[in-house]
There are 2 protein chains.
Amino acid sequence: MTVTIYDVAREANVSMATVSRVVNGNPNVKPSTRKKVLDVIERLEYRPNAVARGLASKKTTTVGVIIPDISNIFYAELARGIEDIATMYRYNIILSNSDQREEKEIQLLDNMYGKQVDGIVLMSEQVTEELLDKMGHSPVPIVLAGSIDQTQEIPSVNIDYLQAAYEAVNRLIDNGHKRIAFVSGPFTSTINREYKFAGYKRALEEAGIELDDNLVIANEDSYDSGIEDWSELSKLENAPTAFFAGSDELAIGIIHGAQDAGKKVPDDIEVISFENSKLARMVRPQLTSVVLPLYDIGAVSMRLLTKFMNKETVEDGIVILPHRIEERDSVK
Amino acid sequence: MTVTIYDVAREANVSMATVSRVVNGNPNVKPSTRKKVLDVIERLEYRPNAVARGLASKKTTTVGVIIPDISNIFYAELARGIEDIATMYRYNIILSNSDQREEKEIQLLDNMYGKQVDGIVLMSEQVTEELLDKMGHSPVPIVLAGSIDQTQEIPSVNIDYLQAAYEAVNRLIDNGHKRIAFVSGPFTSTINREYKFAGYKRALEEAGIELDDNLVIANEDSYDSGIEDWSELSKLENAPTAFFAGSDELAIGIIHGAQDAGKKVPDDIEVISFENSKLARMVRPQLTSVVLPLYDIGAVSMRLLTKFMNKETVEDGIVILPHRIEERDSVK
DNA sequence: GTGAAAGCGCTAACAA
DNA sequence: TTGTTAGCGCTTTCAC
């Protein structure tokens with residue numbers, strides 16, 4: 001039924017080894033026999049069996065990608081960066097959703113080890129002890145994309161979230177605000193809790209503004225949550241005049257909440273976001289936002305992984321990409 | 001180094017065959033030996049090699065997913081549905097982006113055949129002759145998700161786009177509009193050209209409204225395009241008073257274009273969308289929209305594929321899911 | 001209920 | 001430059 005390397009060898013009057021050589025581009029083949037083999041391959045429509053190849057060579061040219069949720073625009077963008085570079089280096093991607101559950105992450109790692117992937121790109125908002133341990137025993141290289149392992153044991157690609165948050169909040173402080181809220185996604189996320197929040201605190205501290213716990217809300221990371229958070233915050237006796245939002249959805253929720261209550265942005269309140277997805281331009285006013293280069297983070301992660309898979313020596317496995325603030329209209 | 005089935009067999013004093021049986025849940029194993037084997041498996045941390053298994057059994061428990069662009073929220077939602085059901089049936093997904101290029105789609109099909117996937121879910125806005133031909137010669141079952149093959153040769157999962165468009169436009173006609181624009185994504189997409197447009201035409205025709213070519217624009221499917229399209233349409237001497245948008249981004253672009261020009265929605269113009277992504281609630285006014293159940297389309301596609309992979313007999317390979325219109329505030 | 005043995009389709013020494 | 005020959009780790013008859 002299916003044509004194998006053996007069929008090609010027979011038809012071309014050469015050995016399997018020779019066919020294997022031409023298929024794999026090995027230069028040690030006389031041009032005339034190469035041509036002969038190539039002709040037979042075309043005639044028979046021979047297509048190498050990657051599974052057999054994987055078993056024999058112990059390399060599958062596929063990498064595993066563990067992602068919290070591919071339907072989340074944030075992660076989808078990361079995934080695209082990963083896939084593009086994977087394709088460039090001739091790898092396929094096995095993609096699985098973890099829903100951010102440690103148990104699922106670990107099970108997926110095992111599953112991927114079983115599938116003999118050559119490497120893994122993992123995204124997780126919370127790299128737990130147990131997950132770290134599992135990764136430490138991985139038979140293949142792993143790179144974290146847009147995810148923080150505070151022990152720095154696992155290679156990773158990120159931006160300097162703390163510094164970026166610091167700059168964002170300063171942008172607000174520079175406009176004279178004293179009552180600045182931090183509306184964040186859940187603090188179970190290491191990045192939210194240990195970096196963005198820390199940047200927020202540092203900025204306030206340096207400006208001599210006392211931290212007010214009432215002004216920080218770490219709820220869900222969603223549009224609805226942004227609306228709720230605004231509602232809650234606006235009821236404060238000493239309500240905030242500026243908002244540092246942890247994501248675009250949160251920022252838009254805040255803006256719509258405020259607008260629905262008759263407030264003007266940025267005249268009455270100012271909002272700075274942290275993400276800069278395509279959503280940032282799809283609101284009025286458009287969002288001033290920290291640019292999180294998700295595609296690049298994904299792409300660089302995959303590139304880094306190819307180096308590890310090639311056993312190249314990597315100078316620094318912890319890479320920090322540059323960030324910047326895109327000025328639009330939600331901040332004066 | 002790695003522990004194989006042979007190691008387990010030796011340690012447990014049984015044959016490879018027996019280990020294989022317990023690993024695969026074959027009932028023909030005495031409970032006591034099953035336990036003995038299971039213990040050794042645990043002690044040695046044995047993990048079956050899926051590649052070897054695939055070679056021997058000719059089944060890889062992985063399915064290929066060919067998608068135009070995973071970073072597109074539309075397709076990401078579809079992909080999530082696919083992946084969830086795949087996981088439920090113990091399949092892994094190999095995900096590749098085609099960027100909607102026929103050449104890439106065909107190359108990806110070949111690549112996936114080579115990887116010995118057990119089945120394929122394909123998404124494509126335009127199922128060409130050549131692609132159809134390639135799929136016709138597929139060694140494994142293929143299902144189209146949210147994609148139309150007009151020859152109906154390939155199983156597929158969709159909604160009744162024509163009817164849905166028809167209903168959407170009637171929603172506008174019922175409000176008294178005579179000048180109704182159709183702002184669409186590219187007409188290279190079969191669904192846009194042959195179904196949504198046809199539904200639009202039918203509704204107008206039945207209402208005795210003459211089709212005005214100036215009122216249909218099939219540009220890019222993006223927010224910016226929506227803004228541009230509004231701008232162009234609003235300059236007409238006899239400008240439209242209502243808009244049927246092919247997607248949420250387009251609808252939001254139209255609304256923002258109009259609002260930036262001082263128009264009120266839905267007082268001055270009304271807009272109905274076709275998608276109902278999470279974006280639909282993230283504008284003011286929120287979008288009235290045809291509900292395109294993307295997640296379900298993905299899920300049902302994968303479920304259908306599992307049936308084919310199991311060689312179950314399927315009554316009807318062309319499945320049409322129900323749709324409805326979600327009423328919100330962009331239409332009175 | 002269990003084992004022996006023959007592949008699955010290919011790569012990679014090693015020889016020639 | 002080319003061929004021979006072991007495997008890679010597992011499933012699957014077929015016997016017993």
Side-chain angles (χ1 to χ4, degrees), chain A residues 1-38 40-41 44-62 90 110-111 113-118 139-140, chain B residues 1-38 40-41 44-62 90 110-111 113-118 139-140:
Chain A
M1 183 60 243
T2 61
V3 9
T4 74
I5 200 174
Y6 182 76
D7 299 317
V8 176
R10 181 168 32 71
E11 291 289 312
N13 289 310
V14 296
S15 69
M16 291 164 55
T18 297
V19 178
S20 178
R21 288 189 187 97
V22 344
V23 167
N24 292 297
N26 184 317
N28 295 331
V29 181
K30 190 163 49 166
S32 65
T33 71
R34 176 186 306 280
K35 176 166 181 359
K36 186 171 59 177
V37 171
L38 251 15
V40 174
I41 285 178
L44 266 45
E45 296 187 348
Y46 167 69
R47 190 188 301 120
N49 179 323
V51 173
R53 193 190 287 219
L55 184 58
S57 68
K58 299 186 166 304
K59 301 204 278 106
T60 56
T61 62
T62 102
R90 307 255 115 107
D110 266 325
N111 175 38
Y113 297 158
K115 289 264 175 168
Q116 313 300 121
V117 297
D118 296 335
V140 293
Chain B
M1 183 60 243
T2 60
V3 8
T4 74
I5 199 172
Y6 182 77
D7 299 317
V8 176
R10 181 169 31 71
E11 291 289 312
N13 289 312
V14 296
S15 68
M16 291 164 54
T18 298
V19 178
S20 178
R21 288 190 187 97
V22 345
V23 166
N24 293 298
N26 184 317
N28 294 331
V29 181
K30 189 164 47 166
S32 66
T33 73
R34 176 186 306 281
K35 176 166 182 0
K36 186 171 59 176
V37 171
L38 251 15
V40 174
I41 285 178
L44 266 44
E45 297 187 347
Y46 168 69
R47 190 188 301 119
N49 179 324
V51 173
R53 194 191 289 223
L55 184 59
S57 68
K58 299 186 166 305
K59 301 204 277 106
T60 55
T61 63
T62 102
R90 307 255 114 111
D110 266 324
N111 175 37
Y113 297 158
K115 290 264 175 167
Q116 312 301 120
V117 296
D118 296 336
V140 293

Q: For residues B/Thr33 and B/Val22, determine if any side-chain heavy atom of one lies less than 4.5 Å from a side-chain heavy atom of the other.
A: no

Pairing residues for [X] by the side chain to side chain contact (heavy atoms under 4.5 Å, CB included) criterion, not counting sequence neighbours:
X: A/Lys35; value: A/Asp39
X: B/Asn13; value: none
X: B/Ser15; value: B/Ala17, B/Thr18

Listed partners of [X] passing side chain to side chain donor-acceptor pair (under 3.5 Å), at least two apart:
X: B/Thr61; value: A/Lys115
X: B/Asn24; value: B/Ser20, B/Arg53
X: A/Gln116; value: none

Q) Which angle, rounded to 10°, do you find between the first-five-pair axis and the last-five-pair axis of the helix from C/dG1-D/dC16 to C/dA16-D/dT1? A)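 Axis-to-axis angle, ends of the helix: 30°.
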
Q. For nucleotides 8-16 of chain C, read 5' to 3', which letter fits each nucleotide if B means a protein heavy atom sits under 4.0 Å from the base, S means only the sugar-phosphate is that close, and - means neither?
A. BBBBB----

Report the residues that fulfil salt bridge (Lys or Arg N to Asp or Glu O under 4.0 Å) with [X], sequence neighbours left out, ordered by chain and then residue number.
X: A/Lys59; result: none
X: A/Arg47; result: B/Asp110
X: A/Asp7; result: A/Arg10

(Q) Going 5' to 3' along DNA chain D, which are the first and last nucleotides with any atom under 4.0 Å from a heavy atom of chain A? (A)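 The protein-touched segment is D/dT1 to D/dG9.
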
**Q.** C/dG1 phosphate, OP1 or OP2, under 4.0 Å from B/Thr18 side-chain N/O
**A.**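 Negative; the distance criterion is not met.
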
